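Nothing here was measured: the structure is a model prediction, and the numbers come from that model. Only this structure's heavy atoms are used, side chains among them; waters, hydrogens and symmetry mates stay out.
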Amino acid sequence: MMSNERQVDLLVLGGGAAGMTAALTAVVLGLDVLLVEKTECVGGTSARSAGSLWVPNSRHSPPGSDSPDNALRYLRAVLGNRLDETRARAFLDAAPEMVAFLEDNSALALRAYAHHPDYRATLEGATLSGRVLEPVPFDASVLANDFAKLRPPLPEFMLLGGMMVDRPDITHLLNARRSFSSLRHSLGLLARYGADRLRFDRGARLVMGNALVARLYYSLLRRRVPILVSTQALSLTQSEGRVTGALLQSGAGRIAVRTRAGVVLATGGFSHNLEMRRRLLPVGVCTHSPVAEGAQGDGIALGEQAGGRLSIGRDGNGFWSPVSLRRRRDGSIAVFPHLVLDRGKPGLIAITPRGHRFVSEAVDYHRFAEAMLAALASSPGEPCFLICDDAFMAKYGLGMVRPGRINLRQAVADGYVRQARTLEALAQAIDVPPQALAQTVARHNGFARTGVDADFAKGSDAYQQNLGDPRQRPNPCIGPIEKPPFYALAVHPSDIGTSCGLLTDEFAQVLREDASAISGLYACGSDMASIMAGAYPGPGINIGPGMTFAFIAARHAAADLFARGRAMVVMPGA
């Protein structure tokens with residue numbers, strides 16, 4: 001075999017959470033694996049995310065609190081006739097196995113949020129806790145020099161230029177002057193961060209999505225799985241209807257990889273493919289996305305070239321979030337997703353360019369952005385605005401402005417936030433009819449007194465209340481807007497991932513036009529048509545199914561290889 005040729009059991013394309021899960025599962029099962037990442041860093045969009053996994057009935061769920069049938073009832077209630085029950089059942093059966101398998105065989109460590117309602121909390125089958133898992137914080141100093149190859153989170157989600165914090169950390173930092181335990185926790189964070197910066201370019205205490213991918217990456221390194229970064233797949237090779245490898249391109253030249261068990265596509269979807277965005281996403285979706293830049297539709301294109309079929313839904317083909325935009329010092333555009341930290345807090349409203357509210361500000365980010373798309377249907381490209389007063393800004397911050405008005409002055413100076421002494425002046429600054437804004441704020445201030453949003457029922461279910469402030473009575477999501485100065489922040493509907501991908505079966509095998517499976521070709525993560533079909537039942541519905549179908553794909557590839565007598569693979573439970 002020539003030096004630019006290579007033979008492995010399984011080739012995995014894409015180094016996000018899904019791709020690394022496929023590679024890790026396969027190597028634990030005894031396969032020879034090669035992981036290929038197009039960019040210079042592993043982690044993908046998962047590294048920028050909250051790192052949540054939606055996994056009903058895992059070992060971390062409260063015993064007896066849920067069941068696969070109950071979770072399926074919930075998915076039916078959310079998705080209706082869009083639900084693919086075969087793949088949904090495959091997910092619900094395998095997801096708890098995936099969690100147990102990886103925790104037992106790698107450095108992955110997860111825990112359930114104590115309280116995290118499903119997003120559609122009033123529907124049949126919804127739960128208040130147990131389905132949403134988060135990664136346990138990880139000390140990335142064990143990665144040593146390899147830490148530099150792990151994709152960092154968005155800079156705007158770090159403090160002091162490189163310190164990661166999660167929601168409990170933020171609570172401690174805000175309470176440091178009022179609580180000794182919070183002061184001690186905050187000082188510990190700062191001391192650890194200072195020590196880390198003596199060795200690394202950023203803090204090595206990782207949380208959320210960065211902790212998730214770091215744990216998977218560390219596990220792959222410990223098992224000596226070869227990982228090629230800055231390497232792109234140019235094409236797949238086939239023989240007798242089976243995918244048998246791929247041609248890769250790196251800085252050192254081309255590499256022909258032959259596979260015994262197949263190829264897994266996990267390249268992250270098409271969020272940064274402009275042609276696919278124009279063709280598949282709604283007109284009003286912002287062209288800027290917080291998704292990792294390597295998500296350019298490579299895996300989908302490879303799958304289609306091999307005979308796979310793209311699933312195009314009627315749901316917009318993406319998962320949505322409102323985002324705000326700001327130019328960084330280096331000239332790049334910061335895309336900040338407004339997920340949980342500001343919209344649901346009391347004392348904020350969202351308005352259209354005409355000055356009217358259009359949604360409960362505390363609904364999940366996907367439905368919030370769906371409402372934005374509908375409200376802006378006649379004027380795509382225009383922003384909506386988040387409106388608040390100085391009391392809100394001091395207590396909660398807004399977007400990239402930290403609580404306590406930290407960095408507010410610069411945000412106003414560069415135009416990220418608009419500030420005015422009166423609502424009329426604020427309306428003029430953002431080109432919104434002043435009378436409409438005044439009437440909208442007055443009506444909402446009336447809701448703050450009664451605690452009842454007669455227009456959009458803000459704060460009326462468990463999920464919305466979870467985003468609010470429990471200190472605010474009678475409704476944790478509704479507060480007055482009355483203390484000047486007043487502020488406005490432009491937000492746009494954007495995608496945080498694509499739901500349109502390659503059609504697959506319950507084993508994650510890519511399907512042809514006639515619904516037959518392409519042997520040796522698997523797709524997972526955003527390269528696979530999402531089982532959620534453009535709906536958003538709860539946090540982690542991208543990463544949870546992505547990792548689960550990666551686990552399913554690797555397990556199926558290993559079993560198929562064993563059945564064909566090409567390797568001795570020990571399967572779980574055998």
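- We find that Asp389 and Lys395 are not joined by a salt bridge, their nearest charged nitrogen and carboxylate oxygen being 4.0 Å or further apart.
- Within 6.0 Å of atom CZ in Arg328, more than 12 heavy atoms from other residues, nucleotides or ligands are found, so the atom counts as buried in its surroundings.
- Sorted by first and then second residue, the ring pair (Phe, Tyr, Trp, His ring centres under 6.0 Å) pairs involving residues 153-184 (not counting sequence neighbours) are Phe157-Phe336, His172-His185.
- Asp455 and Arg443 are joined by a salt bridge, as a carboxylate oxygen and a charged side-chain nitrogen come within less than 4.0 angstrom of each other.
- Residue Glu293 qualifies as enclosed at atom CD: its count of foreign heavy atoms under 6.0 Å is above 12.
- Remark: Arg120 does not engage Asp118 in a salt bridge, criterion side-chain N to carboxylate O under 4.0 Å.
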*Do Val229 and Thr39 pass the side-chain contact (heavy atoms from CB on, under 4.5 Å) test, and can you show the C-alpha distance, the side-chain angles, and the key distance before you say yes or no?*
CA-CA 6 Å; Val229 296; Thr39 69; over 6 Å; no

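- Sorted by first then second residue, the ring pair (Phe, Tyr, Trp, His ring centres under 6.0 Å) pairs that include residues 188-217, not counting sequence neighbours, are Phe147-Phe200.
- Taking a cutoff of 4.0 Å between a charged side-chain nitrogen and a carboxylate oxygen, Arg151 and Glu40 do not qualify as a salt bridge.
- The aromatic rings of Trp320 and His366 sit parallel to each other, their planes meeting at less than 30°, with 60° as the upper class boundary.
- Contacts classified as ring pair (Phe, Tyr, Trp, His ring centres under 6.0 Å) and involving residues 441-466 (residues at least two apart or in different chains) are given here: Tyr119-Tyr463.
- The shortest non-hydrogen separation linking Ser271 to Ser289 is CB-OG, 4.1 Å.
- Note on Asp139 versus Arg205: no salt bridge recorded, every NZ/NE/NH1/NH2 to OD/OE distance being 4.0 Å or above.
- A salt bridge does not link Glu482 with Arg449: none of the charged nitrogens is closer than 4.0 Å to a carboxylate oxygen.
- Put simply, CG on Leu154 and CZ on Arg48 are 5.0 Å apart, with the number rounded to the nearest 0.5 Å.
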